[in-house]
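Here the structure is laid out as structure tokens; the discussion comes afterwards.
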Amino acid sequence: MAEEAPVTSPPPPQEEAVLHVDHSTVTTTTTTTTAIAEKEHAVEDEKKENEKEKEEEASVAANTNTTGGGEDSKASDDEKVPESGSFKEESTKVSELPENQKKALQELKTLIQTALNNHEFSSAPKQEEKHAPVEKEKEKEENKKEEEQEEAEKNPLIEENKNSSEEKEPAVDDDGAKTVEAIEETVIAVSEPAPKKDEEEEEEAQRKERETNSTNSPEEVSIWGVPLLADERSDVILLKFLRARDFRVKESLAMIKNTIKWRKEFKIDELVEEEEDIYSNTMDLEKAVYMQGYDKEGHPVCYNIYGEFQNKDVYKKAFSDEEKRERFLKWRIKFLERSIRKLDFWPGGISTIVQVNDLKNSPGPAKWELRQATKQALQLLQDNYPEFVAKQVFINVPWWYLAVNRMISPFLTQRTKSKFVFAGPSKTAETLLRYIGAEQLPVKYGGLSKDGKFGNNDAVTEITVRPAAKHTVEFPVTENCVLSWELRVIGWDISYGAEFVPNSEGSYTVIIQKARKVAASEEPVLCNSYKIGEPGKVVLTIDNQSSKKKKLLYRLKTKSE
């Protein structure tokens with residue numbers, strides 16, 4: 001107990017005795033001394049119990065480590081690490097929705113029907129603009145009154161002076177002219193009723209407009225070529241807005257109105273119908289943004305190649321000033337709109353896309369213009385294209401992108417960020433192959449999709465070859481034909497050979513490709529063919545002598561002779 005901290009004593013008992021009327025100091029002192037003793041015993045008992053609990057915890061921890069608890073500890077550490085791409089796409093079929101979501105959808109449809117009947121999608125924005133100055137002025141006046149009231153509560157003299165000044169006549173100079181303060185008071189008093197009159201007139205105009213609209217047919221409004229409330233496709237559209245606002249109906253309705261307003265201002269429908277290229281063939285952006293293939297779930301895949309803007313001429317024409325950035329954004333929106341209109345908005349259909357963003361050789365964070373254009377585009381997409389991305393895959397991610405991502409991140413919702421997947425240069429092919437089949441993935445990203453004998457519908461087999469192991473692939477053939485195959489090992493650095501082994505015992509094995517070391521710098525895809533004149537099998541040999549596992553991709557087809 002020598003090392004224990006001393007117990008702090010309360011104030012002298014005489015001071016406490018003063019609080020008790022007609023009671024002796026002895027009684028108070030005795031009571032206080034007893035309390036101190038009891039407190040010291042309680043502190044000692046509590047410390048003993050704490051020491052005992054610590055010893056028990058240490059014993060349990062030691063037993064856990066000796067009985068394999070280390071694995072559990074490691075697993076718990078792994079659980080703390082967030083996984084990229086954890087988002088799971090929800091159903092677009094109303095029958096499969098939870099009851100609360102069905103209710104929200106029905107409420108939103110009712111509100112939209114009312115808005116269509118009252119022609120609110122075309123008239124609401126104008127009314128809001130007209131009312132804005134009046135409401136702003138009213139808000140200023142209310143804030144001013146609240147500030148004066150708070151100040152008066154803090155200092156009653158101000159209120160008294162104010163009341164006394166009100167009783168006095170307006171201040172007048174010697175020549176009978178009013179002072180500036182009196183004139184200002186008079187001007188304010190005269191001008192105050194004007195906004196109220198304007199507001200009443202505006203409300204009356206709105207009422208008459210609503211009455212006129214109610215006698216006419218409902219307004220017709222379409223988004224992405226889908227008329228609102230016309231058929232089941234509209235349900236899929238509305239669900240996108242509801243999910244973007246966590247099924248808060250009024251916020252979803254406001255988002256829809258804002259989107260329709262923005263689409264009218266941006267003239268989206270006219271933009272989509274334009275045949276002329278926005279850039280008038282002054283630059284080629286087909287390599288920077290393009291659609292190619294589908295992922296394993298059937299979503300179209302859009303590739304955004306930031307490295308194309310490393311070219312100074314291309315960068316200057318796209319981002320050098322505000323006008324050019326707006327033109328690029330217009331071109332990008334047009335591309336997106338045309339891609340969206342190819343989607344299937346019927347319940348159960350594919351109504352989202354996968355975005356692959358290649359950051360290899362990207363201009364980097366020093367390019368302020370590109371950052372501005374990217375931020376503006378992201379904000380527009382989030383505000384006006386809700387739930388159109390099934391996955392955002394960032395590949396060849398450089399070290400500096402972490403800083404840029406932190407800058408952009410505040411502008412994105414948590415739901416949007418949950419769809420993000422990041423992969424560095426060494427993990428790019430492996431990551432993409434998790435989501436996109438090799439037959440659909442371009443060769444430059446680790447797949448087999450390219451012009452040649454094979455198409456995107458020719459399935460690819462994927463096999464993992466263990467370190468320091470040899471793997472063989474056999475193609476049995478029973479008739480005369482020409483057998484063609486494509487072969488790829490991600491990262492290569494293995495030995496590859498091919499031979500034909502006839503079924504008949506008297507025939508000799510034919511060496512098609514002598515075993516040789518294939519380096520990573522060689523052609524990414526090996527293509528071979530062999531004319532077969534008798535039953536047998538083609539055998540491919542992959543010898544992985546490295547210390548890393550390798551992913552083998554191959555496919556074959558036959559052509560009868």
*Less than 4.5 Å apart, any side-chain heavy atom of E107 and any of K103?*
yes

_Heavy-atom pair of closest approach, residues Q292 and P442_ = NE2-CG, 3.6 Å

_I'd like to check I256 versus L238 (side-chain heavy atoms, cut-off strictly below 4.5 Å). Are they in contact?_
yes

*Sidechain-backbone polar pair: S320 side chain, K317 backbone, donor-acceptor under 3.5 Å*: no

*Evaluate the criterion side-chain contact (heavy atoms from CB on, under 4.5 Å) for residue pair I223 and I260; output intermediate values, then yes/no.*
CA-CA 7 Å; I223 306 182; I260 293 173; 3.9 Å; yes

_Test log, rule side-chain contact (heavy atoms from CB on, under 4.5 Å), inputs N357 and Q392_ = CA-CA 7 Å; N357 305 284; Q392 278 278 19; 2.7 Å; yes

*Between S409 and K417, is any pair of side-chain heavy atoms under 4.5 Å apart?*
yes

_Pi-cation contact, F121 with K261 (under 6.0 Å, within 45°)_ = no

*For the side chain of W492 and the backbone of P524, is there at least one donor-acceptor N/O pair under 3.5 Å apart?*
yes

*Listed partners of K296 passing side chain to side chain donor-acceptor pair (under 3.5 Å), at least two apart*: none

_Check whether K557 reaches the backbone of K453 with its side chain - one donor and one acceptor, N or O, closer than 3.5 Å._
yes

*Report yes if some heavy atom in the side chain of P347 is under 4.5 Å from a heavy atom in the side chain of V236; otherwise report no.*
yes

*Does K240 count as lying over the ring of F388, i.e. NZ or CZ under 6.0 Å from the six-ring centre, within 45 degrees of the axis?*
yes

*asked:* Counting C-beta onward and ignoring hydrogens, is there a side-chain heavy-atom pair between K550 and I490 closer than 4.5 Å?
replied: no

*Can you measure from CZ (F309) to CZ (F328) and round to the nearest 0.5 angstrom?*
4.0 Å

_Exam field: side chain R555 to backbone L448, donor-acceptor pair closer than 3.5 Å_ = yes

*Looking only at side chains, do Q440 and D295 share a donor and an acceptor under 3.5 Å apart?*
no

_What's the separation between atom CH2 in W485 and atom CG in L540, rounded to the nearest 0.5 Å?_
6.0 Å

_Checking E220 now: which residues fulfil side chain to side chain donor-acceptor pair (under 3.5 Å) with it, not counting sequence neighbours?_
none

_So which atom in V249 and which in L242 form the shortest heavy-atom distance, rounded to 0.1 Å?_
CA-CD2, 4.4 Å

*How about E387 and T352: does a side-chain donor come under 3.5 Å of a side-chain acceptor?*
no

*Check whether any side-chain heavy atom of L433 lies under 4.5 Å from a side-chain heavy atom of E462, and answer yes or no.*
yes

*So which of T431, D358, T428 actually passes side-chain hydrogen bond (donor to acceptor under 3.5 Å, both in side chains) with Y445?*
D358

*When rounded to the nearest 0.5 angstrom, what is the spacing between CZ in F335 and CD in E286?*
9.5 Å

*asked:* Which residues pass the side chain to side chain donor-acceptor pair (under 3.5 Å) test with Q310, not counting sequence neighbours?
replied: none

*Which pair of non-hydrogen atoms, one from E120 and one from T114, has the smallest distance, and what is that distance?*
OE2-O, 4.4 Å

*Does a side-chain heavy-atom distance below 4.5 Å link I353 with S339?*
no

*To the nearest 0.5 Å, what is the distance between CG (N304) and CZ (F394)?*
9.0 Å

*Can you check whether V421 reaches Y435 side chain to side chain, under 4.5 Å on heavy atoms?*
yes

*With distance as the sole criterion, is a donor-acceptor pair present between the side chains of S449 and N456 under 3.5 Å?*
yes

*Tell me, with the steps shown, if Y530 and V482 meet side-chain contact (heavy atoms from CB on, under 4.5 Å).*
CA-CA 6 Å; Y530 181 71; V482 175; over 6 Å; no

*Apply the test side-chain contact (heavy atoms from CB on, under 4.5 Å) to residues T461 and V473: give CA-CA distance (whole Å), side-chain angles for both, the deciding distance (0.1 Å), then the verdict.*
CA-CA 11 Å; T461 301; V473 179; over 6 Å; no

*Specify the closest pair of heavy atoms between Y303 and L441, including all atoms of both residues, with the distance to one decimal.*
OH-CD1, 3.6 Å

*Please say whether the positively charged group of K360, taken as NZ for Lys or CZ for Arg, lies over the ring of Y306, i.e. under 6.0 angstrom from the six-membered ring centre and within 45 degrees of the axis.*
no

